Amino acid sequence: LGARDTLRLEAGFCLYGNDIDDTTSPLEANLGWITKFNDVKGDFIDKDYMLKQKADGLTRRLCGFELVDRGVPRHGYEVCDAEGNVIGVVTSGTMGPTCGKAVGLAYAAAPYYKLGSEIYIKVREKLLKAVVVKPLTFGNAIRTANTTASALLKKVFITYHLLFFIFCPVSFSEPGTNLPVPSNCL
């Protein structure tokens with residue numbers, strides 16, 4: 001699970017319970033592209049609230065960041081401005097194995113969530129400098145010239161899935177066959 005978590009973070013994918021939950025709107029989580037406000041889809045829960053958010057502007061937003069200073073960001077660490085005022089919180093963070101950088105996702109207050117903004121992550125009462133980047137830029141090394149990292153990523157995914165199926169055998173037979181589930185997969 002740890003390998004999958006670091007790779008999803010490098011790809012900029014949100015994890016429910018960390019980066020998104022029932023207190024965040026899709027607009028705050030940069031998932032506005034999956035929320036259609038047209039009349040074709042009709043009404044949905046909190047549509048009026050999200051339309052108001054869109055019109056008034058967001059007070060916070062999920063942003064990706066890379067640490068400039070040496071350190072590793074972790075879930076729950078405070079995000080601060082240059083003066084040390086708390087402006088947000090880290091939702092996910094780690095040392096990216098394929099990009100070789102300390103990366104993370106955090107909710108930051110406006111205007112600090114804008115690309116290129118300088119923010120600070122409070123690690124053990126010390127402010128570490130970071131820069132706001134597009135989350136998918138963490139893995140650009142994978143998608144561009146770094147073929148070694150790409151090959152490593154493929155091996156990690158294949159190994160993860162092989163281990164899953166070895167220790168948690170799954171039958172792809174017809175639905176409803178109610179095959180017993182091994183106790184180590186519960």
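Only a predicted model underlies this, so the values are computations on that prediction, with no experimental measurement involved. Numbering starts at 1 and runs along the sequence shown.
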task = Before giving the answer on side chain to side chain contact (heavy atoms under 4.5 Å, CB included), spell out for V103 and F65 the whole-Å C-alpha distance, their side-chain angles and the decisive distance to 0.1 Å.
result = CA-CA 6 Å; V103 297; F65 65 87; over 6 Å; no
ask   = Does the side chain of R124 come within less than 4.5 Å of Y77's, by heavy atoms?
value = yes
Non-hydrogen atoms of A108 and C63 that approach each other most closely = CB-SG, 4.0 Å
query = Donor-acceptor pair, D81 side chain versus G84 backbone, under 3.5 Å?
reply = yes
query = So which heavy atom on I45 is nearest to which on M50, and how close?
reply = O-CE, 3.8 Å
query = Please walk me through it: do R8 and L15 pass side chain to side chain contact (heavy atoms under 4.5 Å, CB included)?
reply = CA-CA 8 Å; R8 71 103 191 146; L15 177 65; 3.5 Å; yes
query = Which value, rounded to the nearest 0.5 Å, describes the distance between K129 atom NZ and E118 atom CD?
reply = 4.0 Å
key: Closest contact, heavy atoms only, P97 versus L7   = CG-CD2, 4.4 Å
Face-on cation placement of R60 at Y107 ring, 6.0 Å and 45° thresholds = yes
query = Around I34, counting heavy atoms of other residues, nucleotides and ligands shown, do more than 12 lie under 6.0 Å from its CD1?
reply = yes
message = Taking the side chain as everything from C-beta on, heavy atoms only, tell me whether V131 gets closer than 4.5 Å to V68.
response = yes
request  = May I have the step-by-step check of side-chain hydrogen bond (donor to acceptor under 3.5 Å, both in side chains) for N18 and T91, ending in yes or no?
outcome  = CA-CA 5 Å; N18 277 19; T91 58; over 6 Å; no
L127 with I121, same ILVMFWY side-chain cluster at under 4.5 Å = no
query = Does C99 offer a backbone N or O that forms a donor-acceptor pair with the side chain of E10 under 3.5 Å?
reply = yes
task = Using the side-chain contact (heavy atoms from CB on, under 4.5 Å) rule, pick out the option among T59, L27, D48 that qualifies with Q53.
result = L27
task = Apply side chain to side chain contact (heavy atoms under 4.5 Å, CB included) to Y120 and K126, showing your working.
result = CA-CA 9 Å; Y120 294 83; K126 183 178 177 187; over 6 Å; no
query = Can you name the closest pair of heavy atoms from L128 and V123 and give their distance?
reply = CD1-CG2, 3.6 Å
inquiry  = Using a strict threshold of under 4.0 Å (side-chain N to carboxylate O), is an ion pair present between R61 and E28?
reply    = no
key: CA sep, side-chain torsions, deciding dist, call: I119, V132, side chain to side chain contact (heavy atoms under 4.5 Å, CB included)   = CA-CA 7 Å; I119 59 174; V132 175; 4.0 Å; yes
ask   = Does L58 belong to the same Ile/Leu/Val/Met/Phe/Trp/Tyr cluster as L51, with side-chain heavy atoms less than 4.5 Å apart forming each link?
value = yes
remark   = Shortest non-hydrogen pair, R74 vs T94, comes out as NH1-OG1, 3.8 Å
